[in-house]
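Step one of this worksheet: look at the structure below.
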Amino acid sequence: MASSDRPAKRSKMENGGGSSAAAPPGPPPSKPVHSAAKENPYLSHLPPEQRFTRGDAEGSERGAGPLANGRSGNPLDGFIPRQVVGSQVRSVMEGGINPFSITPTPFSKKYKDILNKRKELPVYAQMDEFYEKFQESQTMVMIGETGSGKTTQIPQFVAYSDLPQTRKVKGPDGVLAPRMIACTQPRRVAAMSVAKRVAEEMDVSLGKEVGYTIRFEDATDRRTTFLKYMTDGMLLREAMNDHNLERYSCIILDEAHERTLATDILMGLLKEITARRKDLKLIVMSATLDALKFQKYFNDAPLLRVPGRTFPVETFYTQEPEPDYLEAAIRTVLMIHQAEDPGDILVFLTGEEEIEDACRKIKAEADDLASKSPDLCGPLKVVPLYSSLPPAQQQRIFEPAPAALYEGGPPGRKVVISTNIAETSLTIDGIVYVVDPGFSKQKVYNPRIRVESLLVSPISKASAQQRAGRAGRTRPGKCFRLYTEKDFISELIEQTYPEILRSNLANTVLELKKLGVDNLVTFDYMDPPAPETIMRALELLNYLGAFDDEGNLTPLGEIMAEFPLDPQLSKMLIVSPEFRCSNEILTIAAMLSVPNVFLRPNFAKQQADAARAEFAHPDGDHLTLLNVYHAYKTNCPDPSTGSNWCWQNYLSHRSLIQADNVRSQLQRTMERFDLDLVSTDFSSKDYYTNIQRALTCGFFMQVAHKEGGSKGSYTTIKDNQIVSPHPSSCLSHSPEYLLYHEFVLTTRNYVRTITDVRLEWLVEYAPAYYNTMNMEGEIKRQIMALEQRKGKKDKKKKDTQG
DNA sequence: GAGCACTGC
């Protein structure tokens, strides 16, 4: 839509997360700082033997369970579809002995109580229908609306049909282990919490029979886990080293309608794998009506539709388009507060700044109303919600609405002003009114200038419906859309474009190759990305040396794919031992992978800037990040007590803990490939330049050249975009060439997180890119001059030697 | 002289 009669909001564009800058409080310790985070904090609740998958132990074969009729010694026998019917399963569920526990155990009282609740779920009523479709075909599609119970129940239904824990098979690694059922989730918290719930429902222990795997945490047991919840990205990682996903007998892709990059790749991949492996079952679960598209994609797989369990939501539209959605949203909240029955309000806005602004305005207006007419208007509690908010403040959304100001007075009300985070990731009970202006920030990728940015855009119909549904979780609700019904019908697109169409695919293309996909263009994508996007990715990967000229993965590319990083970062990390700075590059890569570590609260901008200046390195922001990390490790040896120091230095403790975690993970990957962890002596004049050289090896395509005339103006190499160094940068001078980590489109074109580099390095480490054939203008002349000088020097050297 | 929508490895 965006056209004529939609409110035109100034386009705000912003690049993906990143960091910016700040003078070292003394030099960093010359001894490399290794990660102190030996203990994973996520795992502290589990005994040590449960924290990681065991790889070597021998399991014991157990007797067949009640449904495993006539299984023989043939390992494949267990995977031939058996005719399990609901009545059989229900009788086992109701029985006395838990067929899933490692040692036969009677069901607990709690199990029976939970079972009675499970029977009320809509999906339970369709168990027979599920088995019918599940058994008739290798792949099936399911639509389960909110509250249907699909995420918790379907994997259990599958478990009953196979009782795979009774059927241990020797894997490729020689370990006797059950074939697993995997259920993927787009988000970590979901994978974790659903696994916990399902372990309770099945009356087994979390991390034993039922587990979960997410980044930084594997709560599964190689010998006993048969049902595993995991993030979609994690399954994709596993597929990189096991192209057939041999450890699994059934894979359930949940929340497929969200169309995350990982889900999309998995769908294409699983379509291929199921064709090769007839014993692998696939269930694709979606919450929307878009299921027909899924069904068609999976060769007309049978479809099961399960209703949700929510309350009706009445929708209202505006008569005329709203010229200013922010103002309209504020007005609507105040109107609801004055005229509607008690019940909390949820408002969707696009970003932090807008939300804080709206909170202030609503608070002021509501306080005014309550003081002027205390008989009509109760107190209003306004709560902001967005992801960068500290967790303690995020918790405020669960606080109850305020009480009436006096006994018998009008009741109080809570209003949550949120980003899209409340659309999928967080559910707030008790919301009765939703205010939907119809916008969100969305990622867009422009392959022409190779820039990903965030743009305020109209949402889709599916998204609008999801938002409305947030009003009907506990009782009937109302949704106020701040656009006309006509616009809803004719201007909003049906579904948000899947992520694969809106992203830079450099990483994805590398992953696909590693996954064994030969032809990236003919791969069966549900929605094929623009060929130009793939070409851009191939070009980058070829220049980085990950792909050869035939488009095949090189040995370097193989290793690059193993790092959970963008290819530029993994490249610089892999070459860093050659420059004797891998300890430092590890730190920089980790710091670049987490949200900005520098805090700059509105009430203390100057103090924050002064604090950052204490860490600043004159040659650039990458080195500044290194200083910050070293200072953090020196001053906060124990992460649990570091928050005070961080706060005093205007640093985000959360980001630093995260960086430390990422650093350890990257270090483990380095060690796995025998990449040396080394540092140049800090007193050496090469200490910093070695780091800059390694940076150059990864980021030579992200370099800007100083414009001849105006001071502080740069042009990007190749794309000739005019850019300015981001004001947050601590680079103290204007070098001829600067390397940037990200290109940010906001009020102007900015390059953020920048470092001084020399043309000699660019030419030396990226000769295929920086040569006179490939470049033009000023840069070409400079390269020629450089080569001439070098030629002369070499000749002189030769002459003196000769 | 500015601003992290949201996930994931």
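In the text below, chain A, chain B and the rest are named by the order of the sequence lines, each starting its count at 1. For clarity, every value in this text was computed on a predicted model and none was experimentally measured.
Protein atom CZ of A:Arg663 is 21 Å distant from nucleotide atom P of B:dC9, rounded to whole Å. In this structure, the CE atom of A:Met192 is 14 Å from the C1' atom of B:dT7, given to the nearest Å. Atom CD of A:Glu423 is separated from atom P of B:dC6 by 12 Å (rounded to the nearest Å). Rounded to whole angstrom, the span from the CZ atom of A:Arg187 across to the P atom of B:dC9 amounts to 12 Å. When the P atom of B:dC6 is taken as reference, atom CD1 of A:Ile500 falls 23 Å away, rounded to whole Å. Look at CZ on A:Arg600: it is 11 Å from P on B:dG3, rounded to the nearest Å. Between A:Ile214 atom CD1 and B:dG8 atom P the separation is 8 Å, expressed in whole Å. We find that CE of A:Met230 is positioned 11 Å from C1' of B:dC9, with the value rounded to whole Å.
Regarding contacts with the backbone of B:dG1, every side-chain N or O of A:Ser728 stays at 4.0 angstrom or more from both OP1 and OP2. For B:dC9, one of the phosphate oxygens OP1 or OP2 lies less than 4.0 angstrom from a side-chain nitrogen or oxygen of A:Arg188. Taking side-chain N and O atoms only, A:Tyr750 has a distance below 4.0 Å to OP1 or OP2 of B:dA2.
The residues A:Lys361 and A:Asp357 are annotated as salt-bridged, a charged nitrogen and a carboxylate oxygen being separated by less than 4.0 angstrom.
Listed by chain and number, the residues in a ring pair (Phe, Tyr, Trp, His ring centres under 6.0 Å) with A:Tyr445 amount to none (sequence neighbours excluded). Every residue meeting the side-chain contact (heavy atoms from CB on, under 4.5 Å) condition with A:Ser440, not counting sequence neighbours, appears here in chain and number order: A:Asn420, A:Gln442, A:Ile459, A:Arg467.
Along DNA chain B, the nucleotide closest to A:Pro564 and the one closest to A:Ser387 are compared, and the more 5′ of them pairs with A:Ser387. Along DNA chain B, the nucleotide closest to A:Asp566 and the one closest to A:Arg502 are compared, and the more 5′ of them pairs with A:Arg502.
Here the nucleotide nearest the side chain of A:Arg752, chosen from B:dG1, B:dG3, B:dG8, is B:dG3. Side-chain proximity of A:Lys441 to the nucleotides B:dC6, B:dG3, B:dA5 is greatest for B:dA5. Closest to the side chain of A:Arg748, from the set B:dG3, B:dT7, B:dG1, is B:dG1.
Across all strands shown, A:Thr419 has heavy atoms under 4.0 Å from sugar-phosphate atoms exclusively, and none from any base. Base contact: A:Arg237 has a heavy atom under 4.0 Å from a base atom. Across all strands shown, A:Tyr386 has heavy atoms under 4.0 Å from sugar-phosphate atoms exclusively, and none from any base.
Note: A:Phe615 and A:Phe598 have tilted aromatic rings, judged against thresholds of 30 and 60 degrees for the angle between ring planes.
Residues A:Ser503 and A:Thr533 share a closest heavy-atom pair of O-CG2, 3.5 Å.
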